Amino acid sequence: MLQVSNLTYRIAGRLLIDNASVTIPSGAKTGLVGRNGVGKSTLFKLLCGELAVESGSVHMPQKARVGQVAQEAPGTQDTLLEVVLAADTERTALLAEAETAEDAHRIAEIHMRLVDIESHSAEARASAILSGLGFSPEQQQESCANFSGGWRMRVALAALLFSKPDLMLLDEPTNYLDLEGTMWLENFIARYPYQVVLISHDRDLLNNAVDSIVHMDAGKLTFYRGGYDSFDRQRRETILLQKKAAEKQEKQRKHIQSFVDRFRAKATKAKQAQSRIKMLEKMQPISVLDEASGLELHIPQPEAKLSPPIIKLESASVGYDDKAILRGLNLNIDHDDRIALLGANGNGKSTFAKLIAGRLGLMSGDMTCANKLSTAFFAQHQLDDLMPESNPIEHVRPLMPDAPESKLRARVDRFGLPTDRMLTPAKDLSGGEKARLLLGLATFHGPNLVILDEPTNHLDIDSREALVHAINDYEGAVILISHDRHLVEACADRLWLVADGGVRPFDGDMAEYRRLILKGELNSKPEGEAETEAQTERSNAQARRKEAAERRAKLAPLKKNIEAAEKEIAKFQKYIKKLDALLADPRIYTEAPDKAKEHAIRRAAYVKVLEETEENWLEMSAELEELSGG
């Protein structure tokens, strides 16, 4: 059992954790969630003892081994397999002692203990973990120093998983993983025999790998049973109940205050008035939990609709330094496609994205692009391209050189950046704020095609959900590379698999793709039954993609009609307001009665048209909400 009691902690005088308490049952898999900056990583450091608590306490079982990913990725000359095996310090020490021990009894104890901890299968277990995180058998025998920082962090994660601590603390473990590695990790955590506390903004990971959620908000910790969707539903229900209770209390407060105001001065009612004043003083306001951030992201619509296909590849090959990474590409991209690229890191997803974005040329074959095609490309490494000393408004100003400050601020607001961050230098923005700024700059001029390469890194759940809505509201084409399965499932109509030096359509859905990734671990059904189920899922996936495309085709004209209705409503409201002003002047009835009658007739006509337009607007809005799945 992990117990936090009355914990308080400040950073630079700011109260981060405020007398917080929570109890997490033994063996639980728990997701720690909350907006960026609330103190989740700080809480981890307090749990590990890296930071000293200001007051309160953290209690866990005695001798419990607590493990977390090393902050620095290993860069030694040891092989990946050796680095992971060394993480089991007991095994390493026993093997070293076995080499020098001379006492027969001690030698027997050592070998009995090695059997107990399954030392004979250690290499196989370590290799399986490395393989699940994307390392081939050949790579596992290479020196750690040969790999980049991101790949080394995977090795550090593999070492932690292999060490099997009693309490495993994972802080955004999917940041360095691809979709395939994320799926494997999700399965590993769900089956892990000991306790796990996980910080993540990956909705699917929090739904499938954990059985409880601890929500960190306003310095407090609240425990919920179930995955993220269950937590989200419970929290919304709590907020709704609190709102209703607060509204009821406010009505009661107003009623009592009204009595006090009316009868305080009357001698016969003074005693009752004083009694109610005391009642008001004792009435504690009901606090209402903070709702979702209301964050919105916008991708500007394409200025012109292009005829399909907007890109056509024929026998195309692409690569680097005369070495083809992808070859034999025969693909079409249409003006409203939603394509997610699947495949392990290193298979060529980013290479394909760069080809489509025009950042890599063909080695052979043909690529035909629609006339006036404009493309936006977003990748995490581009965060380094931001000007560190310039604030978001200064980044936008060159794109709107003649615009007043108010319009610049309005445009930055559409990037999802709040007013109080618009004048903050880029170097001082959070990772999520930098990502939103970069996405806004990349899509500034309304491209026909948006390419998003891992757009969710550094984004919290609210920002990821806002990105889902932004992509689904956008009417152009989208190519998406992401390890966030929720984003892929919510936005993509077509799945393309990048593997074996090529790119080809994948006919199944994400559930089938996950089963393929975990093949041999989860699939226990007879071969014929599994194949029948796979065929059914492929059929269902194709039907869902067709339905999504049809729904999006209906949405576009519906949105335009709603916008037109809103303009009509505003226009008639303006007319009615003008007529009301004219009719409010009493002189018109004596000096120009005919004019007054004409205005009254016109006003009645405008009111009727306004009511019809508002009714039509409501019907279309309801239809839009239904089609959007909201």
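None of these values were measured; they are calculated from a predicted model. Scope of the values below: all heavy atoms of this structure, side chains included, with no hydrogens, waters or symmetry mates.
Looking at K164 and D88, no side-chain N of the basic residue comes within less than 4.0 Å of a carboxylate O on the acidic one, giving no salt bridge. Ion pairing between a basic and an acidic side chain is recognised when a charged N comes within 4.0 Å of a carboxylate O; R203 and D229 show such pairing.
What you find for L355 and L360 is that their closest heavy atoms are CD1-O, 3.6 Å. Smallest separation of non-hydrogen atoms from T30 and V210: C-CG1, 4.0 Å. When every heavy atom of A477 is checked against every heavy atom of R338, the shortest pair comes out as CA-NH1, 4.4 Å. The two residues E142 and N146 make their nearest non-hydrogen contact at OE1-ND2, 4.0 Å.
Between the S430 side chain and the E433 main chain, a donor and an acceptor come within less than 3.5 Å of each other. A donor-acceptor contact shorter than 3.5 Å links the side chain of Q195 to the backbone of P25. The backbone N or O of G343 sits less than 3.5 Å from a side-chain atom of E180, completing a donor-acceptor pair. The main-chain N or O of G226 is never found under 3.5 Å from a side-chain atom of D211 such that the two would form a donor-acceptor pair. A donor-acceptor pair under 3.5 Å is formed between the side chain of D166 and the backbone N or O of R65. Between the side chain of H298 and the backbone N or O of A470, no donor-acceptor pair lies under 3.5 Å. A side-chain donor-acceptor contact under 3.5 Å links R464 to the backbone of L459. Although no hydrogens or angles enter the test, the distance criterion places no donor-acceptor pair under 3.5 Å between the side chain of Q141 and the main chain of E138. Between the side chain of T79 and the main chain of E82, a donor-acceptor pair closer than 3.5 Å is present. Remark: the backbone N or O of P425 is not paired with any side-chain donor or acceptor of D428 at under 3.5 angstrom.
With sequence neighbours excluded, the residues satisfying salt bridge (charged side-chain N to carboxylate O under 4.0 Å, His left out) with R154 are D178.
Other residues, nucleotides and ligands contribute over 12 non-hydrogen atoms within 6.0 Å of the CZ atom of F223. Counting heavy-atom neighbours within 6.0 Å of E123 CD, excluding the residue itself, gives a total of 12 or less.
Between atom OG1 of residue T375 and atom CZ of residue R359 there is a gap of 10.0 Å, rounded to the nearest 0.5 Å. To the nearest 0.5 angstrom, F506 atom CZ is 14.5 Å from R494 atom CZ.
A donor-acceptor contact closer than 3.5 angstrom links the side chains of H201 and N36. Looking at H486 and E465, their side chains do bring a donor and an acceptor atom within 3.5 Å of each other. Checking S230 against Q234 by side-chain atom types alone, a donor-acceptor pair falls below 3.5 Å. Between the side chains of T174 and D202, no donor N or O sits under 3.5 Å from an acceptor N or O. A donor atom on one side chain and an acceptor atom on the other are not found under 3.5 Å apart for S212 and R225. Side-chain contact, S127 with Q140: a donor N or O sits under 3.5 Å from an acceptor N or O. Counted by atom type alone, Q68 and E50 present one or more donor-acceptor pairs between their side chains at under 3.5 Å.
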Pair V155, L133 - check side chain to side chain contact (heavy atoms under 4.5 Å, CB included), show working. CA-CA 8 Å; V155 179; L133 294 177; over 6 Å; no
Show the numbers, then the answer: is there a side chain to side chain contact (heavy atoms under 4.5 Å, CB included) between T222 and Y224? CA-CA 7 Å; T222 308; Y224 296 82; 3.5 Å; yes
Please list every donor-acceptor pair under 3.5 Å in which a side-chain atom of residues 316-328 meets a protein atom from a residue at least two apart or in another chain.
| residue | atom | partner | partner atom | Å |
| --- | --- | --- | --- | --- |
| S317 | OG | S364 | OG | 3.2 |
| Y320 | OH | T351 | OG1 | 3.1 |
| R327 | NH2 | A324 | O | 3.0 |

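Each of K40, R235, R35 was evaluated against D217; a single residue qualifies, R235, per the salt bridge (Lys or Arg N to Asp or Glu O under 4.0 Å) test.
Screening residues 151-181 for ring-ring contact (aromatic ring centres under 6.0 Å, His included), with sequence neighbours left out, gives F135-W151.
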